[in-house]
Visitor: 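I have a structure here, written as C-alpha cells, and I will follow up with some questions on it.
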Amino acid sequence: MALLEEYSAGVEIIQTINKGRGLIAGKRMETGQLILRQHPYAYVIMATHAPTVCHYCLACPGQPDRPLVKQLLKCGGCKFARYCNKECQKKAWTDHRPECAAIKRVFPGQPVDQTRMVGRILWKRDQNLAKEEEVKIEDLVDHLSKRTKEERGDLDEKVYSFGDYFTYDAMPESDDEMLHLFAIIDCNAVGLNDHKGLQSIGVGIYPMMSLLNHDCNPNCVATNNGVNLELRALRPIEKDEELCISYVDSMETREDRREKLSSQYYFDCECNLCFNGGESEDLKHATAAENMKEESVKYINQFSKDMLKRINKTKERQNWERMSNQVLGTLAQQDCVIADTNVLKLSILNLAVEVQSFLRRQDSALQYAERVAAAYEKLLPKIHPTLGMYLMRVGILQWQLQKNEIAHQTLGKAASIISKTFGEDHSLFKELLGLIHQCRMESHMSKNSQREMRMAKKRAGLRLPEAF
Ligand SMILES: [Zn+2]
Ligand SMILES: [Zn+2]
Ligand SMILES: [Zn+2]
C-alpha cells in the first residue's frame, strides 16, 4: 500500500481570541469533503499491540483488503518491531534504525510509548534540520503550568530515564526542554485506530492537525487511514469558518464532557452546545413519557447507576447467564421510566447486545442493537463516524440472520455515512461494499438456497461482529 500523498483543500492558520491558534476554512466545504490529510511527523505502535501490527503501515494479518499479509516479520535487531514484508521493513528503516539500537540498549527493559515517540521526534529533527516547517512541534501547547503534582512527577520520571534509551551524550536538550517535549506529546498525540476503526493501536503526532480546536458539536471529524490522519467536513462549512473537532465522545452528557475536557485538556468548554444546550442534550436525559414523576426518575437513575456497577462486576467474572439476567431485569425497570436515548439506558442496552451475542442469542442481540442504532440516530448528527460504524455492525448482524433485504438497506445507510467520514479509500468502506454485494446476491437466491445459506451460517458458528 502506497502511503497517500499529503493534501490540503485550503486551510488557513489563525490566531483566535481565547483558544490560541486555530484553523479556518479557506473556502466553502461540502459535507464529507476531505479538507486535510497529513502524514505523522512521528508515530509509534503501542507496546501492547507491537507483536500484532505492521510498525510501518499498521496492517495486520487477517485484514480483508490485505490478503497477502499472513504473518509479520520480526526485526532481527530489536526483536520488537514487526512488518508485513521486506518492503515495509525497508521503508521503515530510516526511522527505525536509531530506535532499533536504543531498544536494544535498554533491553530487557522496555521503553514506554512516550519515550519511543520522543526519540522518534528527536531523530527525525536531526534529519529535517534544514526543512522549514509550517507548524513546529516545539510550538504546540504543553499545558505544563496546569498539571497536577502527580502528573508533573510522572513526566519528570520519563525525562530522567530518557538518556538511558537515547544515550546521554546525544541528548540535545536541557531537562526543561525535554519536559516541554514530553508534555507536548501528552496533549497532542493522536490515537491511531486499526483498520476496523475500533481500537487504538498506535499514536502519531500531526503538528497542523494539533491546531484544531474543540467543539462539542464539531463541523469536522479526523479519522486515520493507516498512519495518515484525514480531516473531513461533517456538514457544509462556510469560508473563514473555524474548523473544529470534538476531543471527547459526543455521546457523553454535558457534565461528563466538560469534566474530561477540563481534566485531560485543561480548559473549560465555551461551545454553543455546552452553553445553550440542544435537542440532543435533552434526549440524553429523556424520560419514557412526559410528566413522569420526579421521584420515579430519581429512583431509576440511582438504580441504573448501581446496576451498571454490579453488571460490570459480573461481566469481569464472565458469568454471562447472570449478566444477562441482571441486564434484562434492569432494562425492564428502565423501560417504564426513561427513554432509549437516555445515557443510563443506552449503557444497559449496549451491554444487552454484548451479552446476548456472547450467549449466541443473535435474534435477541439484534433486537437490542436496532434499538441502540435508533437512539444513535436521534443523538448524533446524520453524518458521524460512530453512527456509520454502528449501522455497519447492525447490518452485519441482520445479514448473519439471513435478513438480507433489511441488511442491504442498513449497510447501504452505513456506507453512505462511512464514505463521508472515513473516505472511499478506507478499508471499512471497502469491506462494506463487499458485504452489500454479498447481501444483494443472497437476496436473489431461491428460497431453498437461502435456507441452505442460513444453515451454513449457523454451522459456521455465526462470526460475531467485532464491536459486540
Ligand atoms: Zn506494512
Ligand atoms: Zn529493530
Ligand atoms: Zn462544549
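Order of appearance sets the numbers: ligands from 1, and atoms from 1 within every ligand. Fair warning: this is a prediction, and the values are worked out from it, not measured in the lab.
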Visitor: From Cys216, does some N, O or S atom reach closer than 2.8 Å to the Zn ion (ligand 3)?
Guide: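 Coordinating: yes.
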
Visitor: Is His55 close enough to the Zn ion (ligand 1) to have an N, O or S atom under 2.8 Å?
Guide: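 Under 2.8 Å: His55 has no N, O or S contact with the Zn ion (ligand 1).
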
Visitor: Are Arg125 and Glu138 within salt-bridge range, i.e. N to O under 4.0 Å?
Guide: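 The answer is yes: the pair qualifies as a salt bridge.
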
Visitor: How are the rings of Phe267 and His214 set relative to one another: parallel (under 30°), tilted (30 to 60°) or perpendicular (over 60°)?
Guide: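 Tilted: the ring planes of Phe267 and His214 meet at 30° to 60°.
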
Visitor: Ring-plane angle category for Phe162 and Phe182, please: parallel below 30°, perpendicular beyond 60°, tilted otherwise.
Guide: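 Taking Phe182 first and then Phe162, their aromatic rings stand perpendicular (interplane angle over 60°).
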
Visitor: Any Lys/Arg nitrogen of Arg147 or Asp186 sitting under 4.0 Å from an Asp/Glu carboxylate oxygen of the other?
Guide: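 Looking at Asp186 together with Arg147, the answer is yes, because their closest N to O distance falls below 4.0 Å.
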
Visitor: Looking only at N, O or S atoms in His96, which is nearest to the Zn ion (ligand 2)?
Guide: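 Of all N, O or S atoms in His96, the Zn ion (ligand 2) lies closest to NE2.
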
Visitor: Can you tell me, to 10 degrees, how wide the angle at the Zn ion (ligand 1) is between SG on Cys54 and SG on Cys84?
Guide: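 Centred on the Zn ion (ligand 1), the SG/SG angle is 110° (to 10°).
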
Visitor: So what does the Cys274 SG - the Zn ion (ligand 3) - Cys271 SG angle come to, to 10°?
Guide: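 Once rounded, the angle between the two atoms at the Zn ion (ligand 3) is 110°.
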
Visitor: Between Glu177 and His180, does any side-chain donor sit less than 3.5 Å from a side-chain acceptor?
Guide: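 Glu177 vs His180: no donor-acceptor pair found between side chains.
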
Visitor: Would you give the angle at the Zn ion (ligand 2) between Cys75 atom SG and Cys78 atom SG, to the nearest 10°?
Guide: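 Nearest ten degrees: 110°.
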
